[in-house]
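All remarks here apply to the structure that follows.
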Amino acid sequence: MAEIYDHRRLEKKWQEEWEKARLYETPDDLAGKENFYALVEYPYPSGDLHVGHWYAFSVPDIFARYKRMQGYNVLYPIGFDAFGLPAENAAIKHKIDPAKWTWENIQRMRTQLRSMGAMFDWSREAVACDSSYYKWTQWLFLKFFEKGLAYRGKALVNWDPVDMTVLANEQVLPDGTAERSGAKVEKRELEQWFIRITEYADRLLEDLGPLPWPEPIKEAQRNWIGKSDGLIFSSPVKDSDLVVETFSAHFEAFTADTFVVIAPDHPLLPQLLEGVPGASDILAAAQEMAAKRRHAGYVAEKEVEGIFTGRYTVDPVGNGELPIWIASYALADYGTGIVKCSAHDERDFVFAKKYGIPLKVTLVPEDPALRKRVEAKEVCYSDMDNGMLLEPRPFAMRKAALARNEIIAYAESKHLAKKTTTYKLHDWLVSRQRYWGAPIPVVYDPQGKAHAIPEEHLPWTLPTDIDFTPTGTAPLARSKELIDRTERTFGKGWRPETDTLDTFVDSSWYFLRYLDPKNTAEFSAIEKQKKWMPVARYSGGAEHTTMHLLYSRFFYKALYDMGLVTELEPYSSRMNRGIILAEDGRKMSKRWGNVVNPDEQVANVGADAVRTYLAFIGPYNEVGSYPWNTNGLIGVRRFLERVAGLAHRASSSESVSERLSILMNQTIKKVGEDIESMKFNTSVSALMIFANELQKMSAVPSEAYSLLIRLLAPFAPHLAEELWHSTGNEGSVHTAPWPAFNASKLEADAVTIGVQIAGKTRGSLTVSRNATEKEALLAAQGDSRLAALIPQSPRRVVYVPGKILNVVP
RNA sequence: GCCGGGAUGGCGGAAUUGGUAGACGCGCACGACUCAAAAUCGUGUUUCCAAAAGAAGUGAGAGUUCGAUUCUCUCUCCCGGCACCA
């Protein structure tokens, strides 16, 4: 086995040869070829390549290589998402410089990535922590600042008590823990830098529509943006100058409103309580309620709590004076944070029952029994789609859903309310109180006003005289070098911004840097962008659906408006890949001791076998989870050995039979089509079928063997290259053209069709592909086994040429 | 609760403008080679029945059809997104 397929020798040899020949350097233009941009998310340099990296990079490489053989000038770049917390945490733990830790990891991972035999164009590598890169991250941030899209503001933000920094909403998991550290996230009111992604909420939503992406990805983004239309009512507060605004998306039964609730942490609350007896006690209780709610898990309890404020609104739509309650379920950061409440909302209903607030029913179901219970206020009825309105007069006895638009028009014409739209999406919090990131390129004058750092001072470099220990204030604040530099550059009393940028800012534009990685005058020249953008195929992890994928779409749209890019969307196609589980079906984890080390596997069976195995493990275009199976890997290795072993049997004097010719054409078609749709598993299966067929022959026609090698080349690039040369071919197999199939030779003339009697399969029959119904029936009647089952004059015969003959007696 | 996706052998999975369900691989069984084992090669492998014949069979139930894994309806369960979101 070793003498026919020594993967260690082959893989080393060809990786060196390819590098020498600069086989994978991609020019911006290649005569007669169309450009094609295949992108994978650049990795964080964590230190060691794991199976997930192999799945993320080596499998899409099959696609990139296929496109190249198809005749495209394919860009398949790589880089490192090199800023971020792990480096800093490692630095604290091991008392080393995060830069050193990161660059050493990058060096190590470059070597490991090279062992994949992928067609990465290393000459275009982008590294986010390199000052030649983050100079442009800073420059882009300043463009946003200039346009008012980056701003400093005070807000209730997520605080990670373990990593001691704020986090964006997108980086907090649904259970209230931090995506990275796993800590329970707290809410704090802080002044931070934000990027105004909400300004683009509508465009991010609308432009999803025509995007040919998988529906689940689009739907997840829609859910995250969370647009809802509703009405805002303005209600004067009784015995006060205050006017409060309430938002409602389900306003159809607006005449049923009997009370108002306000969030316990609502900024207007102190003002509202002014002059109310016992205001300070109420406020303290509200703050306690708010604090309780900030703890993760409060939602699960579902227990509603309320405090009466002593205030009333004068309802603008004639529902009289409505008491204002502080309610634990009211959210300060959704809508206006104040809601008009009625019997037709489950939470309001429960709340009113608990505190004895009167309710009024104006929406009823058709079912009379249920209606009786609703009218008796025994149950809450909130079905706006099917319920019938009792009032107000113009809409009485009509379905609420059908009257919705008219109610909006009615409310607006009478100036009772204003149509409005709210989003769940919040502005993107980009400040981090940590060291290892791009410094926010802002300085403050002695009066505390923020100023952009002029372009000539970029990159505004990270100081190195730093104690990284997180204390909750930014480590940069403790850098004498940075403070001195700021005063030296801008004047006495000026001080630097000391937060760094969220790494998702770095990764929002990396795909543009690959196009022009060495440019010192621009972040990415527009002429270069025009050659490559938009990305033709983007593959990555599902966890980025509402993070990187959303941020970078927003970034791109903002840059479009500034004339810095030329398209509206960065990625014309996107697919989320699945994950590889351990052999035991659980996630790979050091804790379980079930981690598969790809380096060991590569040493054992070779990179080609690992790549091909990962391609074979399941459909790549679905977000599945596939357990690693070492025996499966060995099976693939066996397949490659068989292919290698066939080389001895290849003979140019052997001619291709009609039967083999058909299989060859079928294989070309199947392998190509399935790579195109990223169903690599069935491509590999087709290759196996083809190889198994050749295996049965004592002498293999060279034409067939050469075909097998070319079709295998994207999967097993080293072995294919070796076999390509050892069977006398010139040049690299990876620049050989992808074989074309002959559409007229995909099917043999003689085909086996199924024979059914009354729809039940009873046997099969070999007939001409073009046989008529009469001929097929005659053949069936001539078959000794089938004849007995077939009546002389069947009631009905269904015949689909090449597929089926169904006789209904 | 709302939205999206899914359920096929012992396992990963294949097959849908409706046309022989289980390709390919793993596992397993048997055989060849071997003193033996490993490796390799060959044969078999949905279930029931000793086998043949036959029957059942793609989460459950109904429907449309000559024919349903594929289409329709109802339900169950699993995965993912959103969620005291008014």
Side-chain angles (χ1 to χ4, degrees), chain A residues 1 174 214-228 230 246-251 261 263 293 298-304 327-331 333-342 344-348 350-351 382 422-424 542-543 545-546 576 578 581 585 613 616-619 622-636 638-639 641-642 645 670 674 679 681-692 695-696 752-765 794-809:
Chain A
M1 152 181 127
E215 196 52 37
I217 302 180
K218 297 207 276 185
E219 197 55 30
Q221 289 209 350
R222 286 190 197 108
N223 283 341
W224 187 259
I225 295 166
K227 180 177 179 169
S228 67
T246 60
F247 171 75
S248 176
H250 304 297
F251 48 77
V261 297
R293 209 182 56 184
Y298 70 88
V299 175
E301 291 160 25
K302 290 270 176 193
E303 184 61 37
V304 288
S328 60
Y329 66 90
L331 304 170
D333 57 0
Y334 184 75
T336 61
I338 309 176
V339 197
K340 290 210 303 160
C341 302
S342 77
H344 301 300
D345 178 281
E346 301 282 351
R347 294 155 307 168
D348 298 347
V350 170
F351 187 83
S382 60
T422 61
Y423 302 89
K424 283 188 273 200
E543 71 277 16
T545 301
T546 54
N576 287 350
L581 303 174
Y613 170 63
F616 188 52
I617 203 167
E622 288 174 22
V623 189
S625 49
Y626 310 109
W628 176 271
N629 182 304
T630 303
N631 282 322
L633 171 66
I634 291 166
V636 169
R638 257 200 297 269
F639 157 67
E641 282 169 13
R642 271 204 299 277
K670 178 78 180 157
D674 289 352
K679 292 192 281 191
N681 54 333
T682 45
S683 297
V684 174
S685 147
L687 287 170
M688 287 172 166
I689 292 167
F690 184 37
N692 289 347
Q695 178 80 14
K696 289 180 192 154
T752 304
I753 64 169
V755 180
Q756 300 181 334
I757 307 297
K760 270 196 187 309
T761 303
R762 296 293 172 178
S764 61
L765 204 57
R795 203 150 46 89
R796 183 167 176 191
V797 175
V798 180
Y799 174 61
V800 183
K803 300 274 187 191
I804 200 104
L805 175 72
N806 186 9
V807 184
V808 186

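In what follows, every chain begins at residue 1, and chains take the letters A, B, ... in the order their sequences are listed. All heavy atoms count here, side chains included; hydrogens, waters and symmetry mates do not.
Residue contacts shown for A/Q756 include a base, since a base heavy atom lies under 4.0 Å away. Within the 4.0 angstrom heavy-atom criterion, base atoms lie near A/A330. Backbone-only engagement by A/P619 is indicated by non-hydrogen atom pairs under 4.0 Å involving sugar-phosphate atoms exclusively. Using a 4.0 Å heavy-atom distance criterion, A/G337 is classed as a base contact. Among the atoms of the strands shown, only primed sugar atoms or phosphate atoms (P, OP1, OP2) are found under 4.0 Å from some heavy atom of A/N692. Residue A/F639 is out of contact with every strand shown, counting any heavy-atom pair closer than 4.0 Å. A/G618 comes within contact range of no nucleotide atom at all, as no heavy-atom separation falls under 4.0 Å.
Spacing of P atoms, B/A50 relative to B/U65, comes out at 40 Å, to the nearest Å. Across B/G13 and B/C79, the matching P atoms stand 15 Å from one another, rounded to whole Å. B/C75 sits 35 Å from B/G25 when the C1' atoms are compared, rounded to a whole Å. Taking atom P in both B/G57 and B/U47, the straight-line distance is 16 Å, to the nearest Å. Comparing B/C49 with B/A39, their C1' atoms sit 38 Å apart, to the nearest whole Å. Look at the C1' atom in both B/A23 and B/U74: the space between them is 33 Å, to the nearest Å. Rounded to the nearest Å, the gap between the C1' atom of B/A56 and that of B/U69 is 16 Å. Taking atom C1' in both B/C11 and B/C28, the straight-line distance is 11 Å, to the nearest Å.
In a base pair of the Watson-Crick type (N1 to N3 plus N6-O4 or O6-N4) or a G-U wobble (N1-O2 and O6-N3), with each distance short of 3.5 Å, B/A7 is matched with B/U76. Here B/U69 sits opposite no nucleotide as a Watson-Crick or G-U wobble pair (both hydrogen-bonding atom distances under 3.5 Å). Here B/A50 sits opposite no nucleotide as a Watson-Crick or G-U wobble pair (both hydrogen-bonding atom distances under 3.5 Å). Base pairing of B/C28: its partner is B/G44, meeting the Watson-Crick or G-U wobble criterion (both donor-acceptor distances under 3.5 Å). The partner of B/A37 cannot be assigned: no Watson-Crick or G-U wobble pair with both contacts below 3.5 Å exists in any strand.
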- Can you check side-chain contact (heavy atoms from CB on, under 4.5 Å) on A/I753 and A/Y799, steps first, answer last? CA-CA 10 Å; A/I753 64 169; A/Y799 174 61; 4.0 Å; yes

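Distances shown here put every side-chain N or O of A/R222 at or beyond 4.0 Å from the OP1 or OP2 atom of B/G4. Phosphate proximity of B/C26 to A/R638: present, with a side-chain N or O under 4.0 Å from OP1 or OP2. Under 4.0 angstrom from either OP1 or OP2 of B/G12 there lies no side-chain N or O belonging to A/N629. Neither OP1 nor OP2 of B/G12 sits under 4.0 Å from any side-chain N or O of A/Y626.
The distance from atom CG of A/D345 to atom C1' of B/C2 is 14 Å, rounded to the nearest whole Å. Taking atom NZ of A/K803 as the reference point, atom P of B/C66 lies 20 Å away to the nearest angstrom. To the nearest angstrom, C1' of B/G4 lies 13 Å from NZ of A/K218. To the nearest angstrom, P of B/G19 lies 13 Å from CG of A/N806. Note: CD (A/Q695) to P (B/U40) measures 12 Å, nearest angstrom. Between the CD1 atom of A/I617 and the P atom of B/G13 there is a distance of 9 Å, rounded to whole Å. Atom CG of A/N576 and atom C1' of B/G4 are 13 Å apart (whole Å). B/C24 atom P lies 6 Å from atom CD1 of A/I689, rounded to whole Å.
Base orientation of B/G9: syn (glycosidic angle within 90° of 0).
Nearest to the side chain of A/R347, among B/A86, B/A23, B/G19, sits B/A86. Checking B/G54, B/G4, B/A86 against every side-chain atom of A/R762, the shortest atom distance belongs to B/G54. Comparing B/A14, B/U20, B/C3 by their closest approach to the side chain of A/T761 singles out B/U20. If you check B/A86, B/A56, B/G19 against the side chain of A/K760, the one that comes closest is B/A56. With B/A55, B/G25, B/U20 as the choices, the nucleotide that has an atom nearest any side-chain atom of A/R642 turns out to be B/G25. The side chain of A/E215 has B/G4 as its nearest neighbour among B/C66, B/G4, B/A14. Taking the side chain of A/K424 as heavy atoms from C-beta on, and the options B/C24, B/C85, B/G67, the nearest nucleotide is B/C85. Set against B/G19, B/G13, B/C66, the side chain of A/V800 has B/G19 as its closest nucleotide. Of all nucleotides listed (B/C66, B/A86, B/C24), B/A86 comes nearest to the side chain of A/S228. The side chain of A/T682 sits closest to B/A15 out of B/U20, B/A15, B/A86.
Where A/F616 and A/Y423 each meet RNA chain B at their nearest nucleotide, the meeting point lying more 5' is that of A/F616. Summary of the strand contacts: A/V623 and A/T546 both lie near RNA chain B, and taking for each the nucleotide with the nearest heavy atom, the more 5' one is attributed to A/V623.
At least one side-chain heavy atom of A/R642 sits under 4.5 Å from a side-chain heavy atom of A/F639. Inter-residue side-chain proximity for A/R762 and A/V755 is flagged as unmet; no heavy-atom pair is nearer than 4.5 Å. Looking only at side-chain heavy atoms (C-beta outward), A/D345 and A/S382 stay at 4.5 Å or farther from each other. Side chains of A/Y334 and A/K424 form a contact here, defined as non-hydrogen atoms less than 4.5 Å apart. Looking at A/N806 and A/R796, their side chains never come closer than 4.5 Å, going by heavy atoms from C-beta outward.
A salt bridge links A/R222 with A/E219: the closest approach of a Lys/Arg side-chain nitrogen to an acidic carboxylate oxygen falls below 4.0 angstrom.
We find the NE2-NE2 distance between A/H250 and A/H344 to be 13.5 Å, quoted to the nearest 0.5 Å. Distance CD/A/Q756 to CG/A/L805: 8.5 Å, rounded to 0.5 Å.
If you check distances only, the side chain of A/N223 never reaches the base of B/C82 with a donor-acceptor pair under 3.5 Å. You won't find any donor-acceptor pair under 3.5 Å spanning the side chain of A/E622 and the base of B/G6, going by distance alone.
Checked by atom type and distance alone, the side chain of A/Y613 pairs as donor or acceptor with a backbone atom of A/N629 at under 3.5 Å.
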